[in-house]
Amino acid sequence: MIKRLCRQNVPLGCGADHSDMRIKKILFAVGSAVLFVIVFVIDAILKNIEGGLDGILFVRLLLVAVAFVFLYFYVDSKIKESERSQVQRLGASSVWAGILIGAYIVVSILPLNWFESRDLQLYPRDYLTILFSTLLSVISGLAAIVTVRHVKDMLFYKRTRGTKRNFVLLLVVMFGAAAATYNLRPLETSLAKTILFTLAILFIIINSFRLSWIAYLSRREKIYAMVYALLAFFGFMAINIILSEMSSLTKALLYFNYPLYIFVQLSALFGSVYFGMAFISTLFHLPTAAAFDRKQNEVSSLHNLSRLITQVFDFNDLAKTVTKMTLEVCEASSAWLEVLPADGKQYDHKLDGIISQHNIEPENVEQILFGGEHTVRSLVLSSKKILLVDNVKNDRRTSYISNIKDVGTLLVVPLISHDELIGILYATKEIDHGFEEDDVNIVSGFADHVTIAIENAKLFKKSLEKERLQRELLIAQEMQKRLIPQTLPLFKSVDMKAVSAPALEVGGDYYDIVMFDDYRVGIVIGDVSGKGVGAAFYMAEVKGIFQSLSKIYSSPKQFLVKANEALISSIDKRSFISLIYAILDTRTGELILSRAGHCPMLYISSDKKEYVKPTGMGLGLRAGKLFEETIEEHNIRMKKGDVCVFYTDGVTESRSSDGEEFGYERLLELVSRHRSRTSDEIKEEIIQGVWNYTDEHGYDDDLTVFVLKWQGD
Amino acid sequence: MSDFKVSFRENSPQGVSNKVHIMDLKGYLDAHTTPHLEEAFEKLIAEKKYNILVNCRDLSYISSAGLGVFMAFIEEVRMNKGDIKLSNMSPKVFNIFDLLGFPMLYEIFKDEGEAIKKFEAKT
C-alpha cells in the first residue's frame, strides 16, 4: 500500500521507503554487473579448456539468468519512478532501438577475430571477442527488457479483462521458446524451439491490436507518436534483419546465451510489429484528431463545471464561469445567461435577469430578448424547448433582429429544474449555420449541469439566509427577555411570582409592573393576537406604552383608554391586544381591576372561588368612545391567604393529546387545591399541570402566569 | 386536529332581492387555517355579496388570529351597507368571542333564522 502511494508521487511520509527503493535499485544494478563479470571470467577460463564441463556450463546458465532477472528489477523500478506519457514511452523505445543498432554498428566495424565454428559449437578466437560478446549481449538484453516493459505499459492503458491474459501468454510462450534452447548448441535448432517461436509470433500479433491509447492523444501528440512509432518500427525491423542473418553479431549473442538470443529476437519482433501497428493506427486516427481534441475539451469543460457546482456558491461568479464555458463548449462567439425570477415574480428592470454576458453589447442583448412582440425568448418561455435559429438574417422568427451585425446563428437553451423554467442560456455565432447537431447536444447536456449549479447556489444562499434569520431571532429572543421584569419587587404584605414562555423564539405575551409610590403597584398582563415576530413587535410597543402611560393615568380604566388611543393608529386592523390591568395598594389590599378583552382574573379566597371578569373590549378593535364605554373597573379587598392569578390563554387553551382544552374549570380547581402554598409553588403547579396535561406536546401558544398572594391582614 | 372547512349557502326568501350569504364554518380555526376563512371572505366580497352570515355550529375552536379575520373585513362590508353577523356558537366558542368584547362589535345570534330575519328587516 505504501509503495503504491509512493508511486503516485505522494511527497510526505514515504522518505524511508524511497531510500529503501534506491538501495534496492543499486543492489540490483551492481548485482547484475558483478554476475556478468563472473560470467565473463568463466568464459575466459573455459576458452582454454576443451569440452566435458556440463556442470560449470549449467552454473553459468543460472548466473546469466539471475543477472538478467536483476537487470529486469532494476529497469522496472527505474520505469516506475518516472510517470511517462504514452508518447514518451514510444520515444524511449525508439531510443533504445537506436542504441542497440548503434552498438551493433560499432561492434561490427571493430577489427575482431570472432569465432571459429566447429561441430555446431562456437569457439572465440580471442578474449576481446568474449568481452564484446558479453557487452553486446548485455546491451541487447537490456534493450529487449526495456522495450517489452514499455510496450506492456502501453498495452495496459485502459485494459480490458483479456489484456493481461494475452500479455502473460505472450511472455510465457516467449520464455518457453527461449528456454527450449537452453541445452542446444549455438548453431543447433530444434522442433520445439521452432514451434514455440511461431506461437510467440502469433501472440505478438494478437497483442499488437491493443492500441487504445492512441485515441486519447491530442493532435500534437499523435504527430509525435507517429514519428516515434515509425523510427521504432524501422529500428526494430533493422535489428530483426541483423539477428536473422547468421552474422558475427548473431554468433556473439548465440555464443553468450542461446535463450537470450531468442528472447532478444522475439522482443525485436514484438517491437517492430507493435510499433508498426501503432504507426498505421495513428496515421488513421490523425484526420479525426481535431474532432477528438474538441470532444476532449468539452469533456473537461463539463468536468470543470461539475466541480464548480460543488465549489462556487457565489451566484455572479457562477454565472460568469457558465457563460465563459458556454463559449468554450460550442465555440460560440458570444453567450449570456438569463436567470428568471422565482414564483412568477417580475424584475424591476427587464434586464436584471441577465447576470452575465460575454462578447456582446447590452443593447444587442436587449433587442434580441425584448425587441419584438414574439422574441426567441418568449418562444422558449412558452415551449420550454431548445431553439436553434440557423440563419438569423433570413429566419421569420428572428426578423426583428436581422439588423444586428454579428449574429448569424442563435441558440437558446432553457434551463429546467423540476419542470420549472429557472433560466435561459443564449449562445450566438457570427456565421450562419454555425452550430452543428453535436454542438446543440453538448450545450443541452451542459445546460443540465448549469441548472444544478444554479439551484445549488440558490439553495446555499437560502440556507445562509435562514441561518442569518435564526441568529437574528436569537438576538430578538434575548432582547424580548429583557422587556419583561427580571425581578419583581418584594413586599411584606404580598408575594408575587411570574413566568412567561413564548411558543416560538419570540412571542406576544407580556407582563410588567410599575411602582406609583412605595405602596401602590400596577400589574399588567397582555397578549398580542398571533404569535412570533409580528406579535413580538406589538408586545414591545405595548411595553413602551405601559411604561409611559401608567405613570400618568393612575386609574386602570383611564390607562386602558389612553393605551387604546395610542395603539389604534399603529396596529394592523386584523391584530389586537388583550390586557388586564390591576393596581394594588399593598397597605390595604385594595385591588382595582380593568380588563380589555383579556382572560378574566382568577380569584381564590377562603369563601370565594371565581373568575373576575369586568367587561372590556380588546385594544385596537375600536377607537374612542366606542371603546371607552365598554371598560369597567372592579374592586376587590384582599384578605390574608387570598390568591389572584393572571394568565394568558396559553394556559386555558392548552390541549391534551385528544384535543380537549385545559379550560377554566381545571385551572380554578388546581389553584384552589394549592391556595395555601406560596406564590412560587402555585405558579409551578400551574405550569406543571399544563405541561402534564398537554402530554408533552409542548405549549403551542405563548404562556404567561402571574400569581399574587396576600399575606397581610 | 387542525382541520377547518368553509362551505357556502344562500338564503333567498321569496320576493326579497337582498340575498343572505351563509358561511358554514367547521373545525378548528387557528393561525394555520385562517387563510381559508380569509379566502372565503375575499370571494364573497369580490362577488359583491355583503350580507354575510357566519354559522358557527360546527366551529370547535377559534384563536386570536381567527378573530382577526372578522376584523379585517367588517369595515369594507359595512361601508357597502352589508354586515357580518354570527350565529349558532357553542358556549365555548362564544366565550372566546365574548372575552374580547366581540358581542359589542358584531351581532351574534343563537339561531340562524333570527339572523336572517334581522337581515330582512333591514331591507
Side-chain angles (χ1 to χ4, degrees), chain A residues 503-504 508-509 526-532 534-535 538 560 564 568 571-580 595-600 611 613-622 626-632 648-650 652-653 655-661 663-665 697 700-702, chain B residues 1-4 26-42 45 52 54 58-80 83-84 86 89-108:
Chain A
L504 307 171
D509 273 13
D527 183 1
V528 177
S529 68
K531 279 186 272 191
Y538 287 131
L560 289 176
N564 186 53
I568 199 126
I571 201 163
D572 172 76
K573 63 180 170 187
R574 69 191 64 194
S575 299
F576 46 85
I577 292 156
S578 71
L579 280 187
I580 192 160
R595 191 184 69 90
H598 198 77
C599 305
Y611 283 102
K613 189 182 161 194
T615 63
M617 189 190 286
L619 299 174
L621 292 171
R622 275 287 178 273
L626 264 169
F627 175 82
E628 192 178 344
E629 281 165 3
T630 68
I631 304 292
E632 279 181 2
T648 55
D649 58 6
T652 47
E653 290 178 11
R655 278 162 187 275
S656 65
S657 51
D658 52 20
E660 205 187 326
E661 285 180 5
Y664 294 95
E665 280 306 311
H697 285 227
D700 74 334
D701 196 359
D702 306 332
Chain B
M1 195 167 91
S2 356
D3 269 355
F4 178 73
K26 187 176 179 187
Y28 194 88
L29 182 58
D30 62 9
H32 300 290
T33 52
T34 44
H36 296 303
L37 183 61
E38 277 188 45
E39 276 165 32
F41 273 115
E42 275 162 10
I45 288 169
I52 302 169
V54 182
D58 297 317
L59 184 67
S60 50
Y61 171 78
I62 184 164
S63 77
S64 54
L67 294 170
V69 178
F70 291 95
M71 294 308 297
F73 295 101
I74 187 67
E75 228 172 278
E76 189 178 351
V77 167
R78 285 188 182 156
M79 236 157 46
N80 287 287
D83 197 16
I84 299 174
L86 300 114
M89 282 181 192
S90 70
K92 212 170 72 183
V93 170
F94 179 77
N95 187 44
I96 300 172
F97 276 91
D98 182 47
L99 267 185
L100 203 71
F102 262 47
M104 293 171 261
L105 299 166
Y106 297 88
E107 286 186 283
I108 300 176

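A note on names: the letters A, B, ... follow the listed sequences, proteins ahead of strands, and every chain is numbered from 1.
Neither the backbone nor the side chain of L626(A) comes within contact range of chain B, judged by heavy atoms closer than 4.5 Å. For chain A, the nearby parts of L67(B) are the backbone and the side chain; heavy atoms of each come within less than 4.5 Å. Contact of T630(A) with chain B is made through backbone and side chain together, with heavy-atom distances under 4.5 Å. The part of F102(B) that comes within reach of chain A is its side chain, from C-beta onward, which places non-hydrogen atoms under 4.5 angstrom from that chain.
Highest contact tally toward chain A, considering only S60(B), P103(B), G101(B), A65(B), is held by G101(B) [criterion: heavy-atom pairs under 4.5 Å].
Across all their heavy atoms, L100(B) and S578(A) have their closest contact at CD1-CB, 4.2 Å. Heavy-atom minimum distance, M71(B) versus K573(A): CB-O, 3.2 Å. Taking both residues in full, the closest heavy atoms of R595(A) and D98(B) are given as NH2-O, 4.4 Å, listed atom of the first, atom of the second, then distance. The two residues P600(A) and L99(B) come nearest to each other via the heavy atoms CD-CD2, 3.3 Å.
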- Determine, stepwise, if the pair E653(A) / D30(B) fulfils side-chain contact (heavy atoms from CB on, under 4.5 Å). CA-CA 12 Å; E653(A) 290 178 11; D30(B) 62 9; over 6 Å; no
- Message: One pair to check against side-chain contact (heavy atoms from CB on, under 4.5 Å): M104(B) and R622(A). What are the steps and the verdict?
- Response: CA-CA 10 Å; M104(B) 293 171 261; R622(A) 275 287 178 273; over 6 Å; no
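One distance of note links CG of L621(A) with CD1 of I74(B); it measures 11.5 Å at 0.5 Å rounding.
With a 4.5 Å cut-off on side-chain heavy atoms, E661(A) and K92(B) count as touching.
The side chain to side chain donor-acceptor pair (under 3.5 Å) check on D509(A) picks up T648(A), T704(A), with sequence neighbours excluded. Scored by the ring-ring contact (aromatic ring centres under 6.0 Å, His included) test, Y61(B) finds Y28(B) as partners (sequence neighbours excluded).
Within a 6.0 Å sphere centred on NZ of K613(A), heavy atoms belonging to other residues, nucleotides or ligands number more than 12.
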